[in-house]
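Structure first, commentary second.
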Amino acid sequence: MNRLLIVCALGATAAGPLAGQQSPGPRPAAPPAVYAITHTTVVPVVGPRITNGTVVIRDGKIAQVGAGLAPPAGAQVIDGTNLFVYPGMIDSGTQLGLVEIGSVPGGQDNQELGQFNPQDNVLTAVNPSSAHLGITRANGVTSVITSAQGGMIQGFAALIDMAGWTPYEMAEQGQAAMVMTYPRTGGRGRFGGGGGRFGGPQGDAAETQNRQVRELYDYLRNARAYNERPDPAVQNRAYAALGPALRGEMPVIFDVDTEGQIRGVLALADTFHLKVVLRGATEAWRMADTLAARKIPVVVGPTTQTPSGDAPYDEIYANPGVLAKAGVMIAFQSADGGEGDARNLPYNAALATAYGLDPEEALKSVTINPAKIWGVADKLGSIEAGKTANLFVTTGDPLDVRSQVKHVFIKGQLMPWDDRHTLLYEKYRARPKP
């Protein structure tokens with residue numbers, strides 16, 4: 001009994017917000033049901049720009065979009081003169097809600113023990129009071145893919161919005177994809193010669209990598225056999241969790257870097273008929289035509305890092321443009337692991353435009369493309385009537401660091417400026433002058 005009470009007390013303590021986190025409230029008791037953003041330039045992403053446009057938001061949805069529309073009676077009107085309305089951006093690779101303070105073990109819940117954890121649902125670990133959520137949405141990033149790390153099968157990734165009282169209120173898709181990491185079977189480049197997540201390609205390390213590949217194949221074969229049984233006598237939650245992925249009903253994110261890993265993933269996908277999404281994939285440009293022909297999406301980035309010593313100097317920055325020109329659907333990730341990088345998502349795409357990525361394709365890669373990849377294009381990714389009102393109002397192109405976000409809507413609610421960056425800015429801006 002005493003032991004149970006101690007565990008419950010510790011659990012209650014761990015569930016509380018860490019110092020520096022923000023609460024999701026208070027929010028207005030009765031926010032306006034209808035908003036109208038008027039006299040603005042609307043950038044739907046999937047169609048031409050609308051000048052002198054109006055966006056009407058009602059009950060969490062985009063009710064109307066068009067030029068010269070009169071705001072409905074009783075709507076809260078936001079004057080969008082000289083401003084632009086864009087769909088909320090989507091970051092396709094983060095650990096938001098799982099890591100608060102990277103250097104403090106108690107602020108991390110992003111990794112489980114062992115190599116195979118397909119049954120883990122990352123949504124259950126998301127902290128809706130994380131200070132990183134407000135910081136991220138303040139720059140127009142309204143939704144992210146968040147997932148765990150470690151091992152070869154990490155479990156379910158979740159697509160979450162950057163606001164909500166509970167993880168389930170935040171969720172757009174609680175189980176958006178299965179996440180795996182393919183063992184690195186060689187070094188950087190097609191001729192090898194470098195270390196990777198699972199070690200280098202020579203000697204004992206090479207045998208370790210080959211053994212891990214065999215283990216991954218064996219695990220998936222066992223899971224497939226389990227899911228093909230009409231009524232398994234012994235229940236196995238881990239194997240059952242892989243059922244949707246093995247039936248092609250759910251995408252599988254493969255975190256990879258090298259050409260060797262990508263080829264390994266394609267062979268694995270052929271064997272188990274997986275619906276693959278590559279993530280990271282620094283050397284995907286070497287196989288751009290193959291990936292385009294197979295219609296395999298690639299989540300690129302972050303482009304704010306530097307290439308490894310033996311890679312082409314522009315590999316990271318030019319990779320997105322090469323893939324897009326070949327016809328590969330791309331999206332971007334910030335790989336935010338608790339550093340606050342998700343707010344810089346648009347600048348990852350902007351950097352790639354200097355190395356050949358078309359600016360319009362760059363905008364799509366942080367809006368409609370990820371919505372298509374994660375199966376939510378009917379709800380997110382563009383400004384169209386009937387879609388969820390995740391959008392923001394800005395002074396200019398969101399890929400331009402000089403642009404300033406003025407208003408953010410998530411599920412039709414106007415977000416307060418209560419993020420830690422803004423609060424600290426206002427605090428020290430108002431300090432007494434000496």
Side-chain angles (χ1 to χ4, degrees), residues 24 45 60-61 87-99 109-110 118 120-128 130 132-133 136-137 139-149 154-180 241 244-245 249-255 275-280 297-301 329-337 341-343 345-346 348 364-382 387-392 408-413 415:
V45 173
K61 302 285 187 181
M89 292 180 284
I90 303 171
D91 190 332
S92 292
T94 76
Q95 295 177 38
L96 282 180
L98 309 179
V99 178
D109 193 5
N110 61 339
D120 286 350
N121 189 342
V122 75
L123 188 63
T124 62
V126 169
N127 176 10
S130 171
H132 295 288
L133 306 182
T136 299
R137 69 174 180 249
N139 205 34
V141 180
T142 57
S143 307
V144 305
I145 287 285
T146 188
S147 59
Q149 65 178 16
Q154 291 82 36
F156 294 108
L159 178 64
I160 59 173
D161 287 331
M162 294 293 91
W165 287 98
T166 69
Y168 297 96
E169 184 180 326
M170 297 167 66
E172 288 287 348
Q173 284 226 30
Q175 296 182 351
M178 180 63 63
V179 184
M180 302 185 189
E249 300 168 358
M250 172 183 293
V252 180
I253 300 171
F254 278 94
D255 286 316
K275 184 180 177 182
V276 169
V277 177
L278 298 177
R279 189 165 66 180
V298 179
V299 176
V300 294
M329 179 176 290
I330 64 168
F332 277 84
Q333 66 164 346
S334 67
D336 189 340
D341 290 335
R343 73 182 309 278
L345 174 72
N348 282 268
K364 290 179 180 179
S365 68
V366 292
T367 53
I368 191 62
N369 283 5
K372 290 178 179 178
I373 291 171
W374 310 123
V376 292
D378 60 329
K379 299 189 295 181
L380 304 176
S382 62
K387 288 196 171 184
T388 301
N390 282 15
L391 51 86
F392 62 100
V408 178
F409 288 86
I410 295 180
K411 292 181 178 175
Q413 289 197 26
M415 292 291 103

Min side-chain heavy-atom separation [X]-[Y] under 4.5 Å:
| X | Y | answer |
| --- | --- | --- |
| Met170 | Leu123 | no |
| Val144 | Leu159 | no |
| Ile330 | Val299 | no |

Nearest 0.5 Å, please: how far is [atom2] in [Y] from [atom1] in [X]?
| X | Y | atom1 | atom2 | answer |
| --- | --- | --- | --- | --- |
| Phe332 | Asp91 | CZ | CG | 11.0 Å |
| Ser365 | Asn348 | OG | CG | 9.5 Å |
| Glu249 | Lys275 | CD | NZ | 10.0 Å |
| His132 | Leu98 | NE2 | CG | 10.5 Å |
| Phe156 | Met250 | CZ | CE | 5.0 Å |
| Ile368 | Met329 | CD1 | CE | 8.5 Å |

Give the minimum heavy-atom separation between [X] and [Y], together with the two atoms involved.
| X | Y | result |
| --- | --- | --- |
| Ala157 | Ile253 | CB-CD1, 4.3 Å |
| Trp165 | Pro128 | O-CG, 3.4 Å |
| Gly88 | Thr142 | CA-OG1, 3.3 Å |
| Glu172 | Asn390 | OE2-ND2, 4.1 Å |
| Gly174 | Asn121 | O-OD1, 3.5 Å |
| Leu345 | Met89 | CD2-CB, 4.3 Å |

Is a side-chain N or O of [X] found less than 3.5 angstrom from the main chain of [Y], in a donor-acceptor match?
| X | Y | answer |
| --- | --- | --- |
| Asp341 | Asp336 | no |
| Ser130 | Asn127 | no |
| Lys411 | Glu169 | yes |
| Asn369 | Ala331 | no |
| Arg343 | Asn139 | no |
| Asp161 | Ala163 | no |
| Thr146 | Leu96 | yes |
| Thr94 | Ile145 | yes |

Residue set satisfying side chain to side chain donor-acceptor pair (under 3.5 Å) with Ser92, at least two apart, ordered chain then number -> Trp374
Assess the residue pair Gln173 and Val376 against the criterion (side chain to side chain contact (heavy atoms under 4.5 Å, CB included)); give the C-alpha distance rounded to whole Å, side-chain angles, the decisive distance to 0.1 Å, and a yes or no.
CA-CA 8 Å; Gln173 284 226 30; Val376 292; 3.4 Å; yes
task = Starting from the C-alpha separation in whole Å, work towards a yes-or-no answer on side chain to side chain contact (heavy atoms under 4.5 Å, CB included) for Ile90 and Val141.
result = CA-CA 6 Å; Ile90 303 171; Val141 180; over 6 Å; no
With sequence neighbours left out, the residues meeting side chain to side chain contact (heavy atoms under 4.5 Å, CB included) with Lys61 are Thr388
Any side-chain donor-acceptor pair under 3.5 Å between Gln149 and Gln95? yes
* Regarding Arg137 and Ser143, is there a side-chain donor-to-acceptor distance under 3.5 Å anywhere? -> no
Notebook entry, point to check: Does the pair Ser147 and Arg279 meet the rule for a side chain to side chain contact (heavy atoms under 4.5 Å, CB included), with working shown?
Noted result: CA-CA 12 Å; Ser147 59; Arg279 189 165 66 180; 3.2 Å; yes
Using 4.0 Å as the upper bound for N to carboxylate O, is an ion pair formed by Lys387 and Asp378? no
